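The structure displayed is predicted, hence computed values, not measured ones.
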Amino acid sequence: MAETRAKGASNRGFAAMDAEKQRAIARKGGESVPAEKRSFSQNRELASAAGRKGGQSVADEDRSFSRDRSLASQAGQKGGQASHSGSNTDRS
């Protein structure tokens, strides 16, 4: 399968690899850390605080959900459906 590249784009490096190869490399990085060292998987409060801190670093006018409550509601419903649907693999 031939990929089209933008003029001047490099055909080297991670970004130039096909998506499956990128996922394989990223997976190896995640697997290299033992489960007991993955702080977010061990401490939900730490993960929550980090997410909150990241959200606060975005300017108010750039926060989609704070400007459009229906968008936030739709995203929350979609997430709830995905997490409670059992074997549902379609999370788009």
Distance check, rounded to the nearest 0.5 Å: Glu20 atom CD versus Arg27 atom CZ?
6.0 Å

To the nearest 0.5 Å, how far apart are NZ in Lys53 and OG in Ser48?
13.5 Å

Holding to side chain to side chain donor-acceptor pair (under 3.5 Å), I want the full list of residues that pass it with Arg44, two or more places apart in sequence or in another chain.
none

